[in-house]
Amino acid sequence: MSFTATTEPESVNAPDEFPAQYDAAATEAAIYARWQQAGCFTADASRSSRVGGDREPYVIVMPPPNVTAILHVGHGLNNAVQDVLIRWARMKGFEALFVPGTDHAGIATQNVVEKQLAAEGLTRADLGREEFVARTARFVAETGGVILQQLKAIGTSADWSRTAYTFSPELSGAVREAFVQLFDRGLIYRGHRVIHWCPRCLTSLSDEEAEPKETTGSLYHVSYPVADDPSRSITVATTRPETMFGDVAVAVNPADERYASLIGKHVLLPILDLPIPVIADEYADPAFGTGVVKITPAHDANDFEVGKRHGLPSPVVIDMHGVMNEVIDAAGRVPQALRGIDRFDARKTVIAQLEALGRLVKKETHQHNVRHCYRCDTVVEPRLSDQWFVRMAPLAEPALEAARTGRVRILPEKWVGVYEHWMTNIRDWNISRQIWWGHRIPVWYCGACAAPHNVIASREDLTTCPHCGSPVQQDTDVLDTWFSSGLWPMSTLGWPNENSSDLKAFYPTDVLVTAPEILFFWVARMIMMGYAFKGETPFHTVYLHGTARDTEGRKMSKSLGNGIDPMDVVSLYGADALRYTLIAGMGLGADVFLDPADLDKSFATGRNFATKLWNIGRFLLMNVGTAAVRPFAEVKTDELSRADTWILGRLDIAIRECDRSIGPAKAASGIWPADELTAGLRLNEFAETARRFVWNELADWYLEASKSRLLTPGADAEVARAVLVHVFDQALRLLHPIVPFVTEALWQRLPGHVDGTFLATSSWPVAGEATSDARGAQFEVIKEIVEAMRRVKSEYGVAPGKPIDAFAVTSASIRDVLHDEATMLTRLARTTLTFVDTAPAGAAANVVLSGGTELIIPLEGLVDVKKECEKLKTELAALEKQLTALEGRLANPGFTDRAPATVVAAERAKCAEWATRRDLLRTRFEGLCGKV
RNA sequence: GGGCGAAUAGCUCAGCUGGUUAGAGCGCCUGUCUUACACACAGGAUGUCGGGGGUUCGAGUCCCUCUUCGCCCACCA
């Protein structure tokens with residue numbers, strides 16, 4: 001599909017260009033091009049009310065996909081939600097801005113390029129840093145951003161003139177500003193500690209990037225002989241025997257009496273026969289394993305803390321590649337034979353040696369969490385190193401407060417607790433990465449100055465020390481890619497330039513739509529950064545949507561091969577089908593289930609709906625034509641038919657329900673009141689309401705009711721045309737946010753369409769005053785009669801098209817209505833109706849309707865009197881039972897006194913209704929079957 | 001180990017602060033090419049609302065408990 005602009009006008013309504021099936025592929029690209037050409041999605045900062053303009057802004061910043069990413073269903077889902085919201089806001093009259101962009105994705109992108117290099121037999125070291133970064137930048141420039149083109153194909157109405165990139169010069173400036181400010185405030189510091197290290201990516205990872213995975217491993221019990229009394233020994237339990245060469249002590253709990261006598265003595269590290277002390281530390285849990293834990297400060301974060309408390313050294317025996325070696329302070333600690341051996345191979349060797357020495361007491365299977373690199377799934381190695389950290393507690397405080405006070409709400413609500421828990425137990429964030437692709441840490445080191453002047457954070461590149469003029473060296477690490485993502489809502493709008501017109505007009509933004517997986521990675525950090533630099537939350541609503549899964553409930557992923565390519569769906573059924581299926585099938589925060597093996601079935605909902613919509617348009621244009629239509633506003637109430645009044649009433653209800661489902665765009669006061677904290681954003685309800693209106697009400701009933709009217713030229717036909725066009729126009733508006741292409745295509749063809757205007761930028765429907773209307777209710781009676789006739793025909797095997805006579809016993813007022821609407825009735829029910837005062841005798845099907853109307857349909861030869869009596873009897877018995885229960889309830893003062901008056905009134909009315917019905921059924925039964 | 005959530009038709013889910021005879025889509029069965037649509041139309045079947053207990057005039061909805069799934073967090077080596 002191409003998105004080159006076209007100046008070709010949309011074809012007009014030639015029947016041959018209006019096939020029965022909607023051809024999405026032929027329509028969508030051209031429509032998108034015209035939207036773009038007309039600037040429908042380009043926001044105008046000067047119109048924002050924040051800078052004196054006439055419109056309130058409504059802003060969504062897109063979670064930037066990785067620059068090398070290819071669109072998958074997850075992106076589709078994410079952008080469908082955002083696009084529904086932004087299109088709705090645009091139509092509502094907000095100055096709507098949807099900011100698109102991509103993320104440079106440090107480790108992920110570097111991995112891609114390194115893989116390419118590997119194919120050429122090269123490593124990044126072969127290229128050197130500068131050349132590697134240049135090559136990666138070239139790769140990104142050439143192939144990156146494909147996903148943005150794909151987003152256009154699914155209808156994303158983003159403002160492409162504002163496309164951002166986390167690694168652009170502007171956003172890199174924002175990153176430096178943020179770093180330096182936090183550094184100056186003492187919130188960024190350099191720490192020497194054990195962090196998560198990926199021996200494949202050769203970089204440190206944050207706690208969030210090292211994903212715990214439940215693993216079945218082994219717990220080895222190893223006995224360490226006591227140095228001065230080889231007859232005694234102490235047994236430690238470990239899952240990682242290969243780290244024993246880095247042991248500097250064994251720890252027992254000070255309260256553990258079993259080992260009290262050994263505290264202060266030394267034990268011999270097996271294989272090496274190296275004496276190490278037995279120390280007492282609370283960290284040792286008497287209940288776990290043997291109650292003795294080996295202390296390996298360089299290779300376990302907890303052991304490191306223990307070692308620090310006891311002033312122990314930290315020998316490093318595993319290098320950056322995860323290979324056994326005497327790295328630091330470890331001379332003589334790693335046996336020659338193990339040096340250069342991978343940690344997991346070394347484990348096997350160590351176990352074998354321990355076994356040979358008789359030191360392996362036992363081995364038991366053990367369930368535990370092992371952390372893996374979130375990018376390459378390699379088992380993470382705890383590693384002692386110097387890293388940059390952000391002090392999080394002070395930043396978390398206002399972000400936590402914001403959620404508690406309703407300045408920011410998180411939907412679905414269940415995530416609020418998760419957010420609060422994480423925020424209150426937040427740990428410092430390791431932001432340095434030992435890779436090359438990313439924002440280099442803006443810190444320079446001076447060899448001549450003394451601390452703290454030897455470490456300089458600077459907004460500008462430095463070559464010499466600002467204190468002494470000596471040459472300086474920049475830190476070689478780059479920042480965690482999420483550091484720049486954390487600034488996204490601000491940086492894309494121009495921060496740190498406080499004079500940026502976008503920043504003034506559009507910041508803070510409104511809704512952030514993303515998956516819950518990155519609540520901590522990203523969302524929480526954006527909120528914290530928002531408070532740190534702008535003193536307020538960057539958005540007032542966080543919408544966390546579900547995940548796309550296959551029929552077995554597995555998450556769709558490239559590695560499992562169970563994904564669906566949204567572009568396939570677009571070319572097969574169109575973007576609208578994709579969007580409708582996703583939106584309609586996704587409850588707030590709920591997962592979407594699709595079958596990658598059966599796209600036809602998976603997207604039938606959306607495809608069928610788009611076709612239905614298309615065909616309503618087709619009917620309308622073929623029957624209403626293209627000739628000018630009376631403006632709806634000029635049509636007077638008393639000219640309207642019952643069907644008109646009914647459909648207009650249903651339209652108002654649909655509009656109100658859609659509004660309620662999407663909810664308030666923002667909190668009026670800036671703080672969400674309790675009753676709005678979880679309101680709105682039910683896009684599936686919105687879709688269902690609109691679908692029901694268009695399909696089950698407009699198409700199934702109103703259109704059918706209009707057919708006879710449209711066929712007879714005259715004043716009433718003109719009214720029907722006006723109402724039909726008006727209602728369809730409104731319906732297209734309601735549906736446009738979900739299915740933008742087909743609605744736009746149809747809207748442009750409506751009679752009276754003004755060239756150059758777009759549904760995408762037209763106004764959202766406004767519901768009329770809610771009034772009770774008798775004529776609309778009369779249409780409901782007709783509907784009920786038609787349904788009853790159809791049911792009877794189907795039940796008794798009468799061909800649907802076969803005309804039969806039916807008799808209605810009813811009140812004078814309803815009889816008048818039925819007289820008026822005889823043509824329509826006959827057409828819809830394919831049956832002629834005669835009005836009588838008493839039921840004719842003979843075999844007949846009998847139906848009692850809600851208003852007390854009785855339908856008698858003589859079916860000589862078809863009705864089995866005995867069977868009919870059985871049926872009536874069953875129906876009567878059921879009704880009597882329910883009626884008795886209802887009467888009992890109404891006789892109960894506990895109900896009548898305590899229940900709301902409206903409920904009681906409704907129950908009373910129902911009771912009367914049922915009683916009438918029962919009487920009718922009884923009379924009928926006695927007439928047909930005699931006394932019981 | 002701690003915390004949170006869910007359990008409603010064959011499947012995926014609605015059911016808002018307790019108040020009509022519990023709904024939708026898909027699937028299933030029957031009939032229909034009715035001049036917009038067979039990607040359609042008309043009609044139909046299917047639920048002890050996970051088990052048990054409780055509060056209430058009234059419970060799918062609130063409380064307790066059990067069972068089963070899911071999610072998040074956590075340094076038990």
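Predicted model, so just to flag it, every value in this text is computed and none were measured. Numbered from 1 within each chain, the chains take letters A, B, ... in sequence-line order.
For B:A77, the OP1/OP2 oxygens have a side-chain nitrogen or oxygen of A:His366 closer than 4.0 Å. Contact annotation: A:Asn608 side-chain N/O to B:A40 OP1/OP2 distance is under 4.0 Å. Distances shown here put every side-chain N or O of A:Arg427 at or beyond 4.0 Å from the OP1 or OP2 atom of B:C73. Residue A:Arg682 has no polar side-chain atom (N or O) positioned under 4.0 Å from OP1 or OP2 of B:A14.
If you check the side chains of A:Tyr259 and A:Asn253, you find no donor sitting under 3.5 Å from an acceptor.
Looking at residues 292-304 of chain A, you'll see A:Val292, A:Val293, A:Asn302 sit with a heavy atom under 4.0 Å from some atom of RNA chain B.
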If you write RNA chain B from 5' to 3' in dot-bracket form, with Watson-Crick or G-U pairs under 3.5 Å, [ ] for crossing pairs and | for pairs with another strand, what do you get? (((((((..((((.....[...)))).(((((.......))))).....(((((..]....))))))))))))....

I need a per-nucleotide contact map over nucleotides 30-38 of chain B, read 5' to 3'. Cutoff is protein heavy atoms under 4.0 Å; write B for the base, S for backbone only, - otherwise. ----B-BB-

For a quick check, with a 4.0 angstrom heavy-atom cut-off, what is the B/S/- contact string for nucleotides 56-61 of chain B, read 5' to 3'? SB----

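A donor N or O paired with an acceptor N or O is not found under 3.5 Å between the base of B:U20 and the side-chain atoms of A:Trp914.
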For nucleotides 11-13 of chain B, print each protein N/O atom paired with a nucleotide N/O atom at under 3.5 Å, atom names and distance only.
none

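Residue-level contact check: A:Gly291 touches the bases, meaning some heavy atom is under 4.0 Å from a base atom.
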Under 3.5 Å, sequence neighbours excluded: what are the donor-acceptor pairs made by side chains of residues 302-309 of chain A?
residue  : atom : partner  : partner atom : Å
A:Asp303 : OD2  : A:Thr296 : N            : 2.8
A:Arg309 : NE   : A:Asp281 : OD2          : 3.2
A:Arg309 : NH2  : A:Asp281 : OD1          : 3.0

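Relative to the six-membered ring of A:Trp614, A:Lys612 misses at least one condition, a distance below 6.0 Å or an angle of at most 45° to the axis.
If you measure from atom CH2 of A:Trp695 to atom P of B:G25, you get 9 Å, rounded to the nearest angstrom.
Look at the C1' atom in both B:G15 and B:U20: the space between them is 14 Å, to the nearest Å. Across the P atoms, B:A7 and B:G50 are found 7 Å apart, a figure rounded to whole Å.
When each of B:U21, B:A24, B:C72 is scored by its nearest atom to the side-chain atoms of A:Phe520, the top-ranked nucleotide is B:C72.
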